[in-house]
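Got a structure here, written out as structure tokens. Questions coming.
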Amino acid sequence: MPTTLILGGSGKVALHLTRILTQPPYSHKVFSLIRSQDKASQIRALNAEPLVNSLEDLSASQLADVIKSTSASTIVWAAGAGGKGGAARTKAVDRDAAVRAMDATAQAGVKRFIMVSAVDIRDRSKPAPEWYNDDDKAKSDKMWEALASYCQAKLVADVELVTGNEKRGLVYTIVRPSTLSDEKGTGKVEAGKVHIGQPISREDVAAVIAACVGFEGTGGCVFDVVPGETGVEEAVRGVAKEKVDVFEGRY
């Protein structure tokens, strides 16, 4: 049975992902690493196995041991400080712990690593993507002003995933959703080089991640995802076919 380990499993996107992966057509064994025992029953109710530990406290070698214990074939990074604890904790989780997770995945001998990031994570000293319109540029300005510590931490982590992969040898995918909403998923998205202004359902983001878990052809792809009119699987396969990388040249 395919096995996936979700790091940061108690978040809303991660809970949707857990439900999707444990059911057909995926039918994965899912392990979910969470910080609090209080969330364990919620994970079990989704037919997944909770692992209680703190990504802030685990070294890369300790996390590698956790990964090995699950026999996971895919690791999904869905963790984040969520704005709690200020800039220091954002750096500790979204940057430092994320990089340790990449190292741990490689140390454990697992190849497949999926990073949940965010639209517009880039070096803003470089020109905006050529497909951005004025609304996209305004959204970019607003996001980086409001969430500077988060955006910078994600940028460092994503750059390390890409530039450090020669030593790690991971088959990575970076999924970059727009602002998240709790609306019910539609099952339809736009993925790749897109306009970034509209919020996307967490359920739809989870469906996109699951499609990436199920289709290794997205390896090496970095793509934005927003609401759209294309079915999730078709959109993800389109990204894979075109080998979309919205991050290239922007870090």
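The analysis underlying the following values was restricted to heavy atoms, covering all of them including side chains, and did not include hydrogens, waters or symmetry mates.
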Is Lys29 salt-bridged to Glu49, cutoff N-O under 4.0 Å?
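Salt bridge present between Lys29 and Glu49.
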Residue Gln198 excluded, over 12 heavy atoms near CD under 6.0 Å:
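Counting other residues, nucleotides and ligands, CD of Gln198 stays at 12 neighbours or fewer.
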Got a salt bridge between Asp182 and Arg202, using NZ or NE/NH1/NH2 to carboxylate O under 4.0 Å?
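Arg202 and Asp182: salt-bridged.
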Kindly check if the number of other-residue, nucleotide or ligand heavy atoms within 6.0 Å of NZ (Lys139) is above 12?
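Atom NZ in Lys139 is packed in, count exceeds 12.
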Can you list the residues that meet the side-chain hydrogen bond (donor to acceptor under 3.5 Å, both in side chains) rule with Asp136, with sequence neighbours excluded?
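Residues passing side-chain hydrogen bond (donor to acceptor under 3.5 Å, both in side chains) with Asp136: His195.
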Check this for me, if you would: do Glu248 and Lys126 make a salt bridge, where the nitrogen-to-carboxylate-oxygen distance has to be below 4.0 angstrom?
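Lys126 and Glu248: not salt-bridged.
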Are any of the side-chain nitrogens in Arg100 or Glu56 under 4.0 Å away from the carboxylate oxygens of its partner?
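No, Arg100 and Glu56 are not salt-bridged.
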Using side chain to side chain contact (heavy atoms under 4.5 Å, CB included), reason through Val171 and Glu216 one step at a time and then give a plain yes or no.
CA-CA 8 Å; Val171 180; Glu216 199 170 293; 3.9 Å; yes
Are Arg124 and Asp141 ion-paired here, with the side-chain N under 4.0 Å from a carboxylate O?
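Salt bridge between Arg124 and Asp141, a charged N being under 4.0 Å from a carboxylate O: yes.
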Write out all pairs satisfying ring-ring contact (aromatic ring centres under 6.0 Å, His included) with one or both partners inside residues 144-172, taking only residues at least two apart or from two chains.
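Listed by first then second residue: nothing to list.
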Less than 3.5 Å apart, any donor N or O on the side chain of Thr218 or Arg237 sitting next to an acceptor on the other?
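No, because no side-chain N or O of Thr218 sits under 3.5 Å from a partner of the opposite role on Arg237.
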For Lys193, is there an ion pair with Asp224 - N to carboxylate O distance below 4.0 angstrom?
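No salt bridge links Asp224 with Lys193.
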Could you tell me whether Arg250 and Asp123 have a side-chain N and a carboxylate O separated by less than 4.0 Å?
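Answer for the salt bridge query: no.
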